[in-house]
Each structure stands twice: as C-alpha cells, then as structure tokens.
Amino acid sequence: METTQIKIGGMSCQGCVKNIQGVLMALPGVQSAVVSLEAEMADVAFDAAQLDRAALVGAIEDAGFDAS
Ligand code: 9UX
C-alpha cells in the first residue's frame with residue numbers, strides 16, 4: 001500500500017470534503033482517504049497495482065476541484 005498527499009483547491013465547506021472522500025473511496029484500489037478542509041489536503045492510501053497518483057488527482061479534478 002502506498003500513501004500520498006494531494007493538495008486540493010476549491011473546497012468551501014465540509015460537504016466538499018465528504019464529496020471528495022466519496023469520489024476517492026469509490027475508486028478501486030483506494031483503501032482510505034482523509035480530506036482536510038483547513039489544510040486543503042488529502043491523505044490517501046492506495047494499492048499501486050490498481051491505480052496511480054495521477055488517477056487520484058484526475059478524479060478530484062473531474063469532481064470540479066483543483067488538485068496537484
Ligand atoms: Mo459545500 Mo462543496 O455548500 O462541493 S459541498 S460548496
């Protein structure tokens with residue numbers, strides 16, 4: 001299992017946090033996703049055999065947020 005931090009822009013409330021956590025957790029291979037509104041960060045644990053960090057970033061962007 002790999003862990004990564006992703007900087008997220010554009011979140012304005014805890015609903016956004018829940019939405020992004022839901023988007024990430026729905027991806028096959030994501031074990032855990034913890035998103036902080038205050039820190040504008042996501043901590044994600046994932047199986048590198050099933051997806052890569054770019055897929056996580058892309059999913060967050062597809063949900064309408066900035067991610068890097
Ligand atoms: Mo909050 Mo975010 O009212 O996608 S849910 S702005």
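Note that this is a predicted model, so its numbers are computed, not measured. In listed order, ligands and their atoms are each counted from 1.
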Subject >> Heavy-atom pair with the smallest gap, counting every atom of Thr4 and Phe46 >> reply: CG2-CE2, 3.7 Å

Original post:
Nearest protein heavy atom to atom 3 (O) of ligand 1, by residue and atom, and its distance?
Top reply: Cys13 SG, 3.1 Å

Subject >> Nearest protein heavy atom with distance in Å, relative to atom 2 (Mo) of ligand 1 >> reply: Cys16 SG, 1.9 Å

Original post:
Phe65 heavy atoms, cut-off 4.0 Å: which ligand 1 atoms fall inside?
Top reply: 4 (O)

Original post:
So do the side chains of Ile20 and Met11 get within less than 4.5 Å of each other, counting heavy atoms only?
Top reply: yes

**OP:** Show which atoms of ligand 1 fall inside a sub-4.0 Å distance from at least one heavy-atom site of Asn19.
**Re:** 4 (O), 5 (S)

Subject >> Pair Lys7-Asp66, side chain to side chain contact (heavy atoms under 4.5 Å, CB included): steps then yes or no >> reply: CA-CA 8 Å; Lys7 177 84 178 161; Asp66 296 323; over 6 Å; no

Subject >> Structural part of Ser12 in contact with ligand 1, heavy atom criterion under 4.0 angstrom >> reply: side chain

Original post:
Going hydrophobic residue to hydrophobic residue with side-chain gaps under 4.5 angstrom, can you get from Val34 over to Leu56?
Top reply: no

**OP:** Compare every heavy atom of Ala42 with every heavy atom of Leu24, then report the nearest pair and how far apart it is.
**Re:** CD1-CB, 4.4 Å

